[in-house]
Amino acid sequence: MIANTIEDNRQRQCFEGVSSVWLFGYGSLIYKVDFPFLEQRAASIEGWARRFWQGSHDHRGTPQAPGRVVTLVEQPGARCRGMAYRVAPEVFTHLDEREKNGYLRFTTAMQFDDGTRCDGLVYIATADNSAFLGPADDLDIARQIDTAEGPSGPNRDYLLQLADALRSLGDDDHHVFTLETLLSWTPADA
Ligand code: BEZ
């Protein structure tokens, strides 16, 4: 089911008098940077794990055959590595539209690589949104990603681009790299 979080997000944070905001990216925001930013720094957030548990009906799949894209799930002790961008508040108008299928903006504590900390915003698709798919066997997730395709292109490209971007960041995300490996066993490559 397609969700639409644009209006919810518009009412979530007040940017009045604010000239810039840190945004933490852990998925497509790492490699598809189609927005202006003032500063960019590798960062991580604690207590959250990246998972291919969100359905994509508008970018990497269709309502009839949704793809799977990442969201964050709470996991004590986990650490999610990503890229932080300092952006003007206006940027959220574009990103709210781009990520409208179930993602809401939350405030998070981020840690930069030099150990300094800062609060920022992060888009998360929680389990109660109508496009949420939740956990499944890794092989089933890989098969779904292998076959899905939407207006933004094949779902497998999303996974492969994310895996490449995470390697460049020196990340070791077991979930993402396992799915990348399984993708090479699925029929499209056979
Ligand atoms: C991200 O890359 O942080 C992101 C992932 C999904 C939706 C919105 C943002």
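Counting convention: from 1, in listed order, for ligands and their atoms alike. Worth knowing before you read on, the calculation uses all heavy atoms, side chains too, and leaves out hydrogens, waters and symmetry mates. We number each residue from 1, following the sequence as shown.
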Please check if any side-chain donor atom of Y123 sits under 3.5 Å from a side-chain acceptor atom of D96, or the reverse. yes
I'd like to check which ligand 1 atoms, numbered from 1 as shown, lie under 4.0 Å from a non-hydrogen atom of G27. 1 (C), 2 (O), 3 (O)
In terms of atom number and element, which parts of ligand 1 are under 4.0 angstrom from non-hydrogen atoms of F24? 3 (O)
Please list the nearest protein heavy atom to atom 6 (C) of ligand 1 with its residue and the distance rounded to 0.1 Å. Y103 CE2, 3.3 Å
Close N or O approach (I30, ligand 1; < 3.5 Å): no
Suppose we measure from atom 4 (C) of ligand 1 to each protein heavy atom; which comes out shortest, and what is that distance? L29 CG, 3.9 Å
Under the criterion salt bridge (Lys or Arg N to Asp or Glu O under 4.0 Å), I'd like the reasoning laid out for R81 against D113: C-alpha separation, chi angles, the key distance, then a yes or no. CA-CA 10 Å; R81 190 156 166 74; D113 282 2; 2.8 Å; yes
Is it true that D164 and R167 make a salt bridge, defined as a side-chain N closer than 4.0 Å to a carboxylate O? yes
Could you grab the distance from atom CD of Q161 to atom CD1 of I30, nearest 0.5 Å is fine? 12.0 Å
If you compare Q54, H59, E99 by their heavy atoms, the one closest to atom 8 (C) of ligand 1 turns out to be E99
Distance-only donor-acceptor check, side chains N101 and Q54, under 3.5 Å: no
Return a yes/no value for Y123: is any of its N or O atoms, backbone included, closer than 3.5 angstrom to an N or O of ligand 1? no
Please state which protein non-hydrogen atom is closest to atom 3 (O) of ligand 1 and give its distance, to 0.1 Å? Y26 N, 2.9 Å
Charged N-O contact under 4.0 Å between R117 and E46: yes
Under 4.0 Å from one or more heavy atoms of S28, ligand 1 contributes atoms 2 (O)
Assign the ring pair H175 / F52 to parallel, tilted or perpendicular, where the plane angle (0 to 90°) is split at 30° and 60°. tilted
